[in-house]
Number of protein chains: 2
Amino acid sequence: MRPENIRVPALPPMPGPDHGDCKAVASVLARVGDKWSVFVIMMLIDGPRRFNELKRMINGISQRMLTLTLRGLERDGLVTRTIFPTIPPRVDYELTDLGRGLAEPVKALGEWAIAHLPEIEGARSKFDTRNE
Amino acid sequence: MRPENIRVPALPPMPGPDHGDCKAVASVLARVGDKWSVFVIMMLIDGPRRFNELKRMINGISQRMLTLTLRGLERDGLVTRTIFPTIPPRVDYELTDLGRGLAEPVKALGEWAIAHLPEIEGARSKFDTRNE
DNA sequence: CTGTATCCATTTCGATACTG
DNA sequence: CAGTATCGAAATGGATACAG
């Protein structure tokens with residue numbers, strides 16, 4: 001049997017051509033999926049905000065979750081954290097260029113959500129009543 | 001004191017003008033944020049798919065999570081579920097018009113994620129090494 | 001083939017208390 | 001003001017077994 005006739009076994013664990021990025025992309029989408037990340041990004045579109053300012057704007061968020069959300073956004077390079085060593089201390093959070101770029105598709109998604117909310121809620125209640 | 005001088009107390013539990021939609025919009029965003037919903041929507045863009053077909057395409061998803069994800073999408077009116085009473089049984093899932101509409105901004109978000117993945121991963125490792 | 005039911009580990013998150 | 005630390009409740013998700 002000559003080399004050109006050797007059969008190479010298929011490669012089973014390779015579902016699609018873009019699977020290499022799959023987990024990585026998922027990690028980015030997960031950030032957007034975080035309940036609070038989107039709200040924080042929205043609140044920062046108009047300019048920098050202080051910690052408690054954000055806390056008041058977002059209404060239901062706990063101090064803990066705001067801290068964790070901001071740390072996550074900072075880690076991904078989406079917001080900057082600026083400390084003013086005054087007393088009382090002051091910390092400003094601001095979107096980076098990257099963060100402002102992300103805000104665009106996020107805003108589009110949010111606008112779609114608002115526009116189609118009636119349809120979705122209708123579908124939901126219809127589905128729920130159909131199954132008691 | 002005349003009527004025009006009466007002071008109306010401020011309304012404390014009303015953080016912003018768009019707060020009424022806040023919880024509702026969040027519930028839509030939460031669906032997109034679901035780890036698997038976005039992948040399922042992507043897989044359905046090209047046309048209807050069967051249950052196990054989706055399961056194979058998505059690679060890491062468990063049977064349980066695929067069922068739950070599809071039920072959620074169906075409940076929101078984003079996919080339809082068509083049963084063919086053959087044996088063995090066959091069930092097709094397909095995007096509705098609403099679902100195809102949602103796919104647009106979702107795709108934009110996914111493309112942004114892929115395009116800026118290097119920046120984000122760079123920011124992450126930088127952040128992680130800076131904090132040991 | 002297309003699910004449902006159950007169990008269990010892990011993660012997530014809110015409440016609370018405390019620090020510089 | 002801007003966090004950190006800790007705890008327990010709840011949600012999430014995988015594995016497995018079973019059913020129509």
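Note on naming: letters A, B, ... go to the chains in the order of the sequence lines (proteins, then strands), and numbering restarts at 1 for each one.
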Is it the case that the side chain of B/Thr69 and the backbone of B/Ser37 share a donor-acceptor pair, with hydrogens and angles ignored and the cut-off at 3.5 Å? no
Closest to the side chain of B/Arg71, out of D/dA2, C/dG3, C/dT2, is C/dG3
Of A/Arg81 and A/Arg64, the one whose closest nucleotide on DNA chain D sits nearer the 5' end is A/Arg81
Inspect the contact between B/Asp92 and B/Arg90 and indicate whether a charged nitrogen and a carboxylate oxygen are less than 4.0 angstrom apart. yes
Of the listed C/dT2, D/dC1, D/dT4, the closest approach to the A/Thr67 side chain comes from D/dT4
Between CD1 of A/Ile83 and P of D/dT4 the distance, given in whole Å, is 10 Å
Between CZ of B/Arg90 and P of C/dG3 the distance, given in whole Å, is 13 Å
Would you please test B/Leu102 and A/His116 for side chain to side chain contact (heavy atoms under 4.5 Å, CB included) and show each step? CA-CA 9 Å; B/Leu102 174 58; A/His116 296 86; over 6 Å; no
Problem - Sidechain-backbone polar pair: B/Ser125 side chain, B/Glu121 backbone, donor-acceptor under 3.5 Å - result: yes
To the nearest angstrom, the CG-C1' distance between A/Leu70 and D/dT4 comes to 15 Å
note: A/Ile87, atom CD1; D/dG3, atom C1'; distance rounded to Å ~ 17 Å
Closest non-hydrogen contact found for A/Val79 with A/Leu70 is CG2-O, 4.1 Å
Taken to the nearest whole Å, CZ/B/Phe84 to C1'/C/dT2 is 14 Å
Stems for DNA chain D (at least 3 consecutive Watson-Crick or G-U pairs, under 3.5 Å) come to C:1-20 with D:1-20
Go through the steps for B/Arg50 and B/Tyr93 under the test side chain to side chain contact (heavy atoms under 4.5 Å, CB included), then give the verdict. CA-CA 6 Å; B/Arg50 300 181 58 172; B/Tyr93 293 92; over 6 Å; no
Of the listed C/dG14, D/dA2, C/dT2, the closest approach to the A/Phe51 side chain comes from D/dA2
Q) Taking the six-membered ring for Trp, are B/Trp36 and B/Phe39 parallel (under 30°), tilted (30 to 60°) or perpendicular (over 60°)? A) tilted
To the nearest angstrom, the CD1-C1' distance between B/Ile61 and D/dG14 comes to 12 Å
Among D/dG3, D/dG13, C/dG3, the one nearest any side-chain atom of B/Met65 is D/dG13
Here the distance between atom P of D/dA11 and atom NZ of A/Lys35, to the nearest Å, is 11 Å
Under 4.0 angstrom between A/Tyr93 side-chain N/O and D/dG3 OP1 or OP2
yes
To the nearest angstrom, the CG-P distance between A/Leu68 and D/dT4 comes to 9 Å
Looking only at D/dG20, C/dG3, D/dG14, the nucleotide nearest the B/Gln63 side chain is C/dG3
